[in-house]
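Notes follow the structure.
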Amino acid sequence: MFLSGGLKSLLPHVLRRIIRCNRLSISNTSGMAEGYKQANVVILHKSLADDFEKFCHANDGPLPLLYRSKPGDWKCPPLSRDSDIRTDCLQYRIYEHGACTGSLKSLKEYSEQLKDMVTFYLGCSFSFEKAVQNANIPVRNVEQKCNVSMYKTAVPCHSVSTFCCNLVVTMRPIPESKLEAAVTATSELKEAHGAPIHMGDPGLLGIQDLSKPDYGDPVQLHPGDIPVFWACGVTGVEAVINCRTPLAFTHSPGCMFVTDQKNDNATIRSSREIPQVHRISQDPLHYSIVSAEAAQKIKTLETLIGIDPGDRGIIHLCRQDELLKACLSISHARSVLITTGFPTHFTYEPPEENDGPPGALAIAAILQALEKDVAIVTDQRAMNLNKKIIEEAVQLGILKRPIPLLSYQRESADSALMFLCENGNPGRPRFDHLIAIERAGMAADGNYYNARKVNIKHLVDPIDELFLAAQTIPGITATGVGDGGNELGMGKVKDAVKKHIKNGDVIACDVEADFTIVAGVSNWGGYAIACALYILSTCEIHDRYLRKAVGFPRLSKKTDWLSALPSVAKEEKLLKTLVRYGVRSGKTASLEMEVDGLPFYNTHSLMIEKLL
């Protein structure tokens, strides 16, 4: 019997010959024939072959198709010489009407049936393990001499005919400091599943217990390790099970077919292909991926909106990459709640200023185009005004459809929890992300102040409580957009507000958001969020990560997304609408400022033309 020690350096054809002779004492092929591609195997009746191939192409993250044989062909000349699929896997499984009815060392006894069957060879993550090790990243399953952990998820694949199933993933623990290196090492190895599809809390994939994999062995995490998940070819096994075909064969998970093809030494050529990793949530732990090119565009947006037309010292409030991280988080959200409204003109009716609503509607418009649920929460006294503004925004083409308009009042100690979660259950939040843009924020003394230190608490409903409650609910993150430090969410920079902003010791908002976007005018922050979400949606690296490498790229919807972005014409019409309803300007300087000859208040031309 051969032991596993020297197998990693064996040439594939030698390893297959040893497997064929049933002379190995190993349970999986992880780490074997280093540097060569390994393959998952699915063998189906020829009548199902075309549909299964379409299923693979529709879900090429988990099912990268290396080769499809002809019916009855036991060899695969493009992948290997002198091979026989009936004998060259360590172990096989037989499925009858969707049930696994046994494990086999050889399929020779089924040679007659195999004459009418087609073999699919699908890429395997074992193929990228050497590349990961070459990047000085530990591969824990190899270190622990066990099979990789494989889990069924709650992520549905794109269905084709009778083939439908949820995604299966492998998990490899990666030190947090090595996450970006692991993504870079695997992102271009598309025939070995490419970049990870999730990094962080397994519960976000519907995986309840890492110690109980559905296939393979449990792999132990070291202190500081992050669970990182790649799409897995065992997804094909799940598709076979759900298809309930009378007879099918697969490899036994972890017992791969080893090919003669070497892994490509892929090189990333441009910033469009260089991935970056950013943490977007601590509870639950969640990281996202974006290309360096898209990230740089968003950083440029952040710099542009940080111009201070009133010379109020907001440069001291800016925090680097907050726009990028906030928009990555929003991009992952399914349901977003927006709030705005700053009654700075407290002696007028209505007391609102026109900074805030245009930015809020710009965010809402792109969220609608991205097919996310979006709602607005505002003060009870301002419900009728906001209803009219939303209706007119639909007529002007700014919004596709009306947005649900909500109000919040504190009626009991758990009012905020009941508002944010179904039946007050923190495990079932109604919203994934809260956004406050130019919304009056509560100061340390419990009051609300405008920039001139006037207390306007009597005009402000306690929407801050929703942001405070969100801090205790896993799965809800929040963003605050402001231009003076007294806006909801600016508590994250309150020390800087007190030090650098006029009257900051009194007016500084005490309520934090996870992300704080500081802009010269808050509307600019809203426009920047809309443009950044467009940039992320058109980033192939981020799009693949969002859809977990199943289904097709969403770039066909690019035209719809582009049409949802703020434009000079849209914003001029909306501002005229606000004036008609008596809403006054709070920042006249923003209307006069120009950058490169373009009106900066209307940022569409600048941001789209220069950055997209």
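Since this is a predicted model, take the numbers as computed values, not measurements. What's counted below: heavy atoms across the whole structure, side chains too, no hydrogens, waters or symmetry copies.
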Side chains of [X] and [Y], heavy atoms from C-beta outward: is any pair under 4.5 Å?
X: Arg140; Y: Asp225; result: yes
X: Val183; Y: Leu179; result: no
X: Leu205; Y: Lys548; result: yes
X: Tyr527; Y: Pro358; result: yes
X: Phe229; Y: Ile207; result: yes
X: Ile289; Y: Met199; result: yes

Contacts of type salt bridge (Lys or Arg N to Asp or Glu O under 4.0 Å), residue Arg580, not counting sequence neighbours =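 For Arg580, the residues satisfying salt bridge (Lys or Arg N to Asp or Glu O under 4.0 Å) (neighbours in sequence not counted) are Glu392.
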Any Lys/Arg nitrogen of Arg312 or Asp483 sitting under 4.0 Å from an Asp/Glu carboxylate oxygen of the other?
->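 Looking at Asp483 together with Arg312, the answer is yes, because their closest N to O distance falls below 4.0 Å.
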Arg381 bridged to Glu352 by N-O distance under 4.0 Å |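 A salt bridge is present here (some side-chain N lies under 4.0 Å from a carboxylate O).
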Strictly distance-based, threshold 3.5 Å: is any side-chain N or O of [X] a donor or acceptor partner for the main-chain N or O of [Y]?
X: Tyr151; Y: Leu210; value: yes
X: Asn486; Y: Ile507; value: no
X: Asp543; Y: Ser537; value: no

No-hydrogen, no-angle side-chain donor-acceptor test under 3.5 Å, Asp461 and Gln409 =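 Indeed, the side chains of Asp461 and Gln409 share at least one donor-acceptor pair under 3.5 Å.
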Give every residue pair that meets the side-chain hydrogen bond (donor to acceptor under 3.5 Å, both in side chains) criterion with at least one member in residues 463-478, sequence neighbours excluded.
->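 Non-adjacent pairs meeting side-chain hydrogen bond (donor to acceptor under 3.5 Å, both in side chains): Ser329-Thr477, Tyr408-Glu465, His433-Thr477, Tyr448-Asp464.
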side-chain hydrogen bond (donor to acceptor under 3.5 Å, both in side chains) pairs, two or more places apart, involving residues 172-181 |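 Passing the test, one end in residues 172-181: Ser125-Arg172, Glu129-Arg172, Thr170-Arg172, Glu176-Tyr287.
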Nearest 0.5 Å, please: how far is [atom2] in [Y] from [atom1] in [X]?
X: Asp373; Y: Ile403; atom1: CG; atom2: CD1; value: 11.5 Å
X: Asp283; Y: Ile476; atom1: CG; atom2: CD1; value: 11.0 Å
X: Arg547; Y: His542; atom1: CZ; atom2: NE2; value: 11.5 Å
X: Leu575; Y: Asn354; atom1: CG; atom2: CG; value: 5.5 Å
X: Arg554; Y: Leu546; atom1: CZ; atom2: CG; value: 5.5 Å
X: Met418; Y: Ser412; atom1: CE; atom2: OG; value: 7.5 Å

Checking [X] now: which residues fulfil side chain to side chain contact (heavy atoms under 4.5 Å, CB included) with it, not counting sequence neighbours?
X: Ile315; answer: none
X: Arg428; answer: Glu422, Asn425
X: Cys509; answer: Met490, Val511

After noting the C-alpha distance and the side-chain angles of Arg452 and Thr344, does the key distance pass the side-chain contact (heavy atoms from CB on, under 4.5 Å) rule?
-> CA-CA 9 Å; Arg452 296 180 295 280; Thr344 192; 4.1 Å; yes
[X] [atom1]: over 12 foreign heavy atoms closer than 6.0 Å:
X: Lys372; atom1: NZ; value: yes
X: Lys299; atom1: NZ; value: yes
X: Asp209; atom1: CG; value: yes
X: Asp414; atom1: CG; value: yes
X: Glu540; atom1: CD; value: no

Would Arg319 and Thr516 satisfy side-chain contact (heavy atoms from CB on, under 4.5 Å), going step by step from the backbone distance to the final call?
-> CA-CA 7 Å; Arg319 296 294 180 268; Thr516 299; 5.7 Å; no
Compare every heavy atom of Leu533 with every heavy atom of Cys327, then report the nearest pair and how far apart it is.
->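 Closest pair (atom of Cys327, atom of Leu533, distance): O-CD2, 3.5 Å.
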